[in-house]
Amino acid sequence: IFLFNIMMKEFCKVGKVEKAVELFRNVKRNGIVPDRFSYNIIMSGLCKTKRLEDALHLRIEMAEANCQPSVVTYSTLMDGLCKEGRVDEAMKLFDEMRRRGLDADVIVYSVLIRGFCGQNTVDKGIELFHDMKQKGVLPNVVTYTCLVHGLCKMGCWEEAMKLFNDMTEHGLTPDVVMYTTLIDGLCKDGMADQALKVFGAMIEKGFKPSTVTYNVLLNGLCKEGLIDDAFAYFEKMVEGGKRPDVVTYNTLMAGLCNCHKVDEAMKLLNKMLDDDCSIEPDEMSFNMLIHGLCKVGRVNDAMELHRKMVERGMVGNLVTYNMLIEGSFKIRKVEKALQLHQEMVAMGFRPNAFTYNIMINGFCKKKMVDAAEKLLYEMDTEGLGPSLVGYNTLLASLCKERNLDRAMALFQEMKDGKCKPD
RNA sequence: CUCGAGAUUCCCUU
């Protein structure tokens with residue numbers, strides 16, 4: 001079983017989880033008894049391929065085989081649940097684990113903390129952070145990184161910085177991932193200058209920024225409109241021997257589009273398309289440009305680019321269609337927008353909240369308020385929930401049309417609990 | 001050293 005475990009693990013590592021499961025089944029059928037490692041390996045593989053239900057079911061099978069779950073079993077499943085946003089269920093497993101007399105370790109806590117941070121309940125994460133320390137489980141760099149990430153995501157960059165310092169005072173050395181997380185978080189909280197300081201401090205301490213570190217920094221600078229600085233750091237990146245990747249290029253293309261340099265962005269895309277460039281564009285690369293073109297009103301060029309994309313064997317994704325639909329409305333081609341919408345559905349893409357809101361906005365601009373309203377309610381029945389953006393869009397449109405009675409009625413409906421106004 | 005955790009890029013209203 002020792003050897004089979006290694007094989008299963010390797011199958012999972014190269015993405016052939018199906019093969020691993022098959023091997024697991026064969027092993028069992030041939031009378032070899034899997035140990036808890038085998039179960040854990042398969043569970044982990046299933047979670048990584050979004051087959052959480054199968055993983056949870058395997059836990060039952062494990063119990064039936066009289067194989068006791070370990071802390072690793074629990075953390076694997078809790079991680080899977082958290083990544084699906086099912087943190088409450090992960091907490092149930094956490095309780096169950098403790099009832100069975102298993103002590104949570106630093107990984108269990110880090111998984112849960114990250115889970116809470118992912119659904120913007122960092123306070124719960126902090127609670128667990130204190131809980132673990134009280135129980136004598138020492139947080140490590142990963143634990144701190146999860147919290148820093150969560151805090152920045154909620155705009156609490158000062159708290160994040162405090163925690164970062166707190167960590168070093170506790171004798172832990174930040175690593176590249178920690179630095180990158182903090183730099184990204186600061187940028188996203190509008191603190192690019194602080195981020196640059198941290199970047200400088202990082203280098204001063206002798207840490208080598210990774211490609212991801214450069215990417216987050218470039219993104220931060222681009223979002224601030226500092227495209228020239230972004231390119232300056234891009235140069236440094238290359239000089240420093242860090243290979244740009246497709247994310248680097250996509251980030252720079254977005255930055256160029258943001259300051260209306262769409263043709264420059266196009267040059268970057270063409271560079272990637274060049275045969276002697278080792279970086280291949282992905283769907284996002286095309287999407288960046290499609291967005292840029294739509295934004296400056298060159299919707300037909302965007303459509304043309306979409307065609308080129310399809311020629312290269314990329315069909316585009318939901319985002320591509322959302323942007324093209326929005327573009328069509330922008331140049332007042334409602335029929336084209338509807339046609340794209342149908343095409344998108346036919347291709348198996350389920351319209352999301354963005355799609356609906358784009359259509360609502362499009363209809364509003366055409367003064368087709370009833371159609372817009374119909375879509376607004378359809379979102380709910382389609383399980384997308386009421387959309388604040390959708391309500392706001394329709395409200396704004398009604399006000400513009402001097403249809404204040406209807407606007408007030410809609411506003412009242414929101415206050416009555418349909419959708420909390422902002 | 002047979003198993004588990006952390007970082008980056010695209011779309012909607014004002």
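K223(A) comes within 4.0 angstrom of the backbone, heavy atoms only, and of no base. Contact annotation for K83(A): backbone-only contact, meaning every heavy-atom pair under 4.0 Å involves sugar-phosphate atoms and none involves a base. If you check every strand for non-hydrogen atoms under 4.0 Å, T180(A) touches a base. Among the atoms of the strands shown, base atoms are found under 4.0 Å from some heavy atom of V212(A). Residue contacts shown for S210(A) include a base, since a base heavy atom lies under 4.0 Å away. V216(A) comes within 4.0 angstrom of sugar-phosphate atoms only, judged by non-hydrogen atoms across all strands, and of no base. Residue T76(A) is in sugar-phosphate contact alone, with no base atom involved, counting any heavy-atom pair closer than 4.0 Å across all strands shown. Within 4.0 Å (heavy atoms only), D245(A) reaches no atom of the nucleic acid at all. Residue M8(A) is out of contact with every strand shown, counting any heavy-atom pair closer than 4.0 Å. Across all strands shown, E326(A) has heavy atoms under 4.0 Å from sugar-phosphate atoms exclusively, and none from any base. Within 4.0 Å of K188(A), counting heavy atoms only, lie sugar-phosphate atoms of the nucleic acid but no base atom. At the heavy-atom level, K48(A) lies under 4.0 Å from the strands shown only through sugar-phosphate atoms. Residue-level contact check: M323(A) touches the backbone only, with heavy atoms under 4.0 Å from sugar-phosphate atoms and none from bases. Contacts of V148(A) with the nucleic acid, taken as non-hydrogen atoms under 4.0 Å apart, are absent.
Between rU2(B) and rG6(B), the two C1' atoms lie 24 Å apart (nearest whole Å). A gap of 24 Å separates the C1' atoms of rA7(B) and rC3(B), to the nearest Å. To the nearest whole angstrom, the two P atoms, one in rC1(B) and one in rA5(B), are 16 Å apart.
A donor-acceptor contact shorter than 3.5 Å links the side chain of K330(A) to the backbone of K295(A). Proximity of a side-chain donor or acceptor of D175(A) to a complementary backbone N or O of V177(A) within less than 3.5 Å is detected.
Side-chain atoms of N215(A) and D184(A) form no donor-acceptor pair, as typed in the model, at a separation below 3.5 Å. With hydrogens and angles left out, the side-chain atoms of Y39(A) and E61(A) include no donor and acceptor closer than 3.5 Å. For the 3.5 Å distance criterion, the side chains of T251(A) and T248(A) fail to qualify, holding no donor opposite an acceptor.
Q194(A) is linked by a side chain to side chain contact (heavy atoms under 4.5 Å, CB included) to W157(A), M161(A), L186(A), M191(A), K197(A), counting only residues two or more places apart in sequence or in another chain.
For the side chain to side chain contact (heavy atoms under 4.5 Å, CB included) test with I290(A), the passing option among D301(A), V299(A), V319(A), T320(A) is T320(A); the others fail.
For RNA chain B, the contact window with chain A, defined by any atom under 4.0 Å from a protein heavy atom, covers rU2(B) to rU13(B) in 5' to 3' order.
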